[in-house]
Number of protein chains: 2
Amino acid sequence: MAITIKDIANKAGLSPASVSRILTNRGRFNEDTAIRVRELAHSMGYLKNQSAADLSQQKSRIIGILVPIEHTNFADEIIKGMQNKAHEFGYELLITFIDVNESQQIQTVQSLLSRQILAIFMLAIDMSPAVFKLLINSKVQLLSISNQLDSQIPSISSDNYVMMKKIVDYLVSHGHKKIALIGSSSQFPIVAQLRRQGFIDGLAAHGISYNPDFIWGTTLSYQTGLETIKHFGLPLPFTAAIGSADIISIGLLNSAKDANLDIPNDLSIISIDGTELTQITRPVLTTIQQNFQLMGELAITTLHENKFTEEKVIFTKTKIVPGKTVAINYESI
Amino acid sequence: MAITIKDIANKAGLSPASVSRILTNRGRFNEDTAIRVRELAHSMGYLKNQSAADLSQQKSRIIGILVPIEHTNFADEIIKGMQNKAHEFGYELLITFIDVNESQQIQTVQSLLSRQILAIFMLAIDMSPAVFKLLINSKVQLLSISNQLDSQIPSISSDNYVMMKKIVDYLVSHGHKKIALIGSSSQFPIVAQLRRQGFIDGLAAHGISYNPDFIWGTTLSYQTGLETIKHFGLPLPFTAAIGSADIISIGLLNSAKDANLDIPNDLSIISIDGTELTQITRPVLTTIQQNFQLMGELAITTLHENKFTEEKVIFTKTKIVPGKTVAINYESI
DNA sequence: TATTTATGAGTAAACGTTTACGCAATTATA
DNA sequence: TATAATTGCGTAAACGTTTACTCATAAATA
């Protein structure tokens with residue numbers, strides 16, 4: 001039998017209500033008795049029954065986090081950011097990994113909803129219409145992180161359009177005119193479209209017409225990167241490639257090595273994401289780094305300050321982190 | 001206001017108790033009315049209030065998972081295994097990332113305990129005495145995965161001693177006699193000790209005396225791997241090295257490349273863990289692979305079958321996965 | 001000093017679900 | 001057919017916490 005508020009009340013000669021007020025720091029109470037009660041609670045090893053509290057209050061401080069199980073390696077960074085702030089504001093994170101199986105998704109979401117959850121944050125997830133409907137009906141605060149969904153749902157991400165233009169600028173400033181975009185995920189249609197448009201517009205801004213064949217690959221996977229060179233054949237029709245995710249860029253880098261290409265002189269590579277994975281390759285990848293940790297922090301603080309009503313789309317900054325995989329292309333200069 | 005069991009009862013002309021019995025599939029009820037009630041519940045969009053249920057039953061189906069925030073990349077695989085089985089048996093996983101900050105650890109554990117949790121699984125975590133005491137006192141089922149702790153706490157892991165002997169056998173069978181062990185973590189003293197002993201005994205079994213200088217590095221980090229060659233200097237006094245974690249092996253591989261060594265001819269490397277990280281290096285790492293997913297599955301099934309009382313230590317098998325980083329050392333043959 | 005205001009704490013109901021117990025109605029057994 | 005066993009369901013209490021009210025007492029104000 002665990003210690004309850006009642007036990008403390010008895011020992012302190014108070015009513016449970018008073019103890020509750022003291023322990024939750026709500027309502028009126030005398031500070032001297034409060035000190036006594038808090039000490040008692042501690043010495044008796046009291047541990048609040050959160051289920052009872054949630055039931056009574058008809059809500060919890062839980063934020064449900066949905067993370068794709070085919071693990072995007074930046075999810076950790078987002079979670080880290082969220083954890084920092086959650087701890088600060090007294091929220092609990094209920095992290096759940098979900099896969100593409102719809103019935104399992106539904107069960108997962110229902111189990112979250114059955115706990116009077118405060119909000120559901122989706123990390124780089126696109127969900128099926130059935131789950132989407134369930135979530136919309138549930139009235140909990142939704143937020144998509146690192147991915148933009150339906151415009152009804154607020155999101156925090158990099159500005160994918162601007163990011164892509166920055167990348168193109170960077171490559172063009174290094175003399176590249178023939179640029180490929182590897183990995184335009186069909187799984188995240190809105191993001192993919194924004195990036196494609198940024199790619200096209202970025203090239204156009206430099207008077208370069210874009211070759212639709214140079215946008216290739218539909219999954220954000222190592223495999224996509226690995227197959228790139230085989231797909232295009234040697235010699236490559238482009239001098240630089242953009243990997244849409246670090247893992248793609250690594251695959252591309254490896255396939256280039258396997259084909260005895262000299263990186264970056266035979267092919268320049270720039271990677272989107274910039275997680276620590278890019279630091280453990282040889283040569284170290286040049287990347288545009290997204291600020292995932294900040295996305296996580298903003299997710300919590302924006303929820304805390306209840307600002308999702310004002311701003312539907314929040315962007316975090318990106319920055320180019322030079323590595324050793326982009327060379328100057330003298331041929332076209 | 002959400003639909004409750006009472007609403008269903010009213011509409012069905014039953015008492016809440018009957019509805020509860022039907023929906024939880026406990027006690028006695030008529031199957032025809034059950035069908036009616038289940039349909040009603042579905043059509044009314046009923047969602048169980050799990051807090052109320054937990055409160056009433058004085059327990060939950062939640063399993064708390066503690067994961068180190070400096071992310072060990074195999075945690076995902078363990079969680080994947082757990083998730084499969086948890087889903088099957090109707091458990092919920094409450095995954096929490098913890099860092100080394102003790103006060104935060106305590107808060108995290110308390111927040112878990114305040115939810116009538118069923119068990120706490122620790123993934124590759126060594127905890128401070130204060131947290132340890134808290135857990136022991138709490139009476140919840142504890143389990144350490146991929147790490148052995150105090151003998152009171154059951155664990156699921158590879159047999160680190162046997163694993164290390166297997167590695168030594170493998171290297172010796174490839175002609176290596178001078179072997180280094182890189183990364184003997186002070187953070188996981190029991191595992192580290194078992195591995196050291198396996199290393200020493202493994203060498204002794206082949207009549208090779210061991211050189212204490214060849215056990216080097218105290219953190220399981222990329223940095224440790226990266227600094228190895230600088231530490232020992234060239235030419236290396238050993239022909240093969242064991243990386244105690246994939247990330248160490250990658251660091252070692254990179255530092256070897258940076259020093260213009262030819263892997264595997266100048267140095268053979270074998271990595272412990274064998275996560276997918278080892279597949280994205282060039283050359284691909286030879287590894288001894290731990291079955292993390294199985295560890296996760298066993299964690300859940302063993303809990304489900306309540307078998308922790310019988311067996312305190314459960315081992316999963318390891319297997320050597322040849323890559324391209326171990327060569328035959330002809331010199332010593 | 002008389003009146004108002006503030007303070008501290010108790011009472012009791014509520015949150016939604018589960019479950020021990022009891023009782024009628026039905027079915028099985030002798 | 002009389003009795004026993006089974007079935008289906010309702011009653012009511014319980015889980016631990018919170019909170020709207022209420023009320024006495026103390027402090028502040030006029």
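Throughout, a chain's letter reflects where its sequence line sits, starting with A, and its residues are numbered from 1.
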[X] has an atom [atom1]; how far is it from atom [atom2] of [N], in whole Å?
X     : N      : atom1 : atom2 : result
A:I8  : D:dT18 : CD1   : C1'   : 15 Å
B:Q57 : C:dG16 : CD    : C1'   : 12 Å
B:I5  : C:dG16 : CD1   : C1'   : 8 Å
B:L55 : D:dA13 : CG    : P     : 17 Å
A:N10 : C:dG10 : CG    : P     : 11 Å
A:K6  : C:dT11 : NZ    : C1'   : 13 Å
A:N49 : D:dT17 : CG    : P     : 6 Å
A:Y46 : D:dG16 : OH    : P     : 10 Å

_For A:S15, all residues meeting side chain to side chain donor-acceptor pair (under 3.5 Å), sequence neighbours excluded_ =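 A:S18.
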
*side chain to side chain donor-acceptor pair (under 3.5 Å) against A:E102, all qualifying residues, sequence neighbours excluded*: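 Side chain to side chain donor-acceptor pair (under 3.5 Å) list for A:E102, sorted by chain: A:S128.
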
*Who pairs with A:F292 by ring-ring contact (aromatic ring centres under 6.0 Å, His included), at least two apart in sequence or on another chain?*
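Per chain and number, A:F292 pairs via ring-ring contact (aromatic ring centres under 6.0 Å, His included) with A:F74.
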
_For A:Y91, ring-ring contact (aromatic ring centres under 6.0 Å, His included) partners two or more places apart_ =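 A:Y91 satisfies ring-ring contact (aromatic ring centres under 6.0 Å, His included) with A:H304 only.
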
_Which residue lies more 5' along DNA chain C, comparing A:A52 with A:S15 via nearest heavy atoms_ =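 It is A:S15, whose closest nucleotide lies nearer the 5' terminus.
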
*Does the side chain of B:Q116 pick up a donor-acceptor pair with the side chain of B:S60 at under 3.5 Å?*
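No donor-acceptor contact under 3.5 Å links the two side chains.
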
*Does the side chain of B:N291 pick up a donor-acceptor pair with the side chain of B:T316 at under 3.5 Å?*
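Their side chains do not contain a donor-acceptor pair, so the 3.5 Å distance test is not met.
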
Ignoring backbone atoms, establish whether [X] has a side-chain N or O less than 4.0 Å from OP1 or OP2 of [N].
X      : N      : answer
B:Q58  : C:dT17 : no
A:Q116 : C:dG16 : no
A:K59  : D:dT18 : no

Salt-bridged, [X] to [Y], with N to O below 4.0 Å?
X      : Y     : result
A:R115 : B:D54 : yes
B:E31  : B:R36 : no
B:E88  : B:K85 : yes

*For the helix from C:dT1-D:dA30 to C:dA30-D:dT1, measure the angle between the helix axis at one end and the axis at the other, each built from five pairs, rounding to 10°.*
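Angle reported: 30°, given to the nearest ten degrees.
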
*Using heavy atoms and a sub-4.0 Å distance, could you list which residues of residues 17-39 of chain A are near DNA chain D? By number, please.*
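Correct list: A:A17, A:S20, A:R21, A:T24, A:R26.
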
*Among D:dT17, C:dT18, C:dG16, the one nearest A:A53 by side-chain distance*: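 Among D:dT17, C:dT18, C:dG16, the one nearest the side chain of A:A53 is D:dT17.
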
*asked:* Closest-nucleotide mapping onto DNA chain D: is B:G13 or A:S51 further toward the 5' terminus? I mean the 5' end.
replied: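 Looking at the nearest nucleotide for each, B:G13 comes out on the 5' side.
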
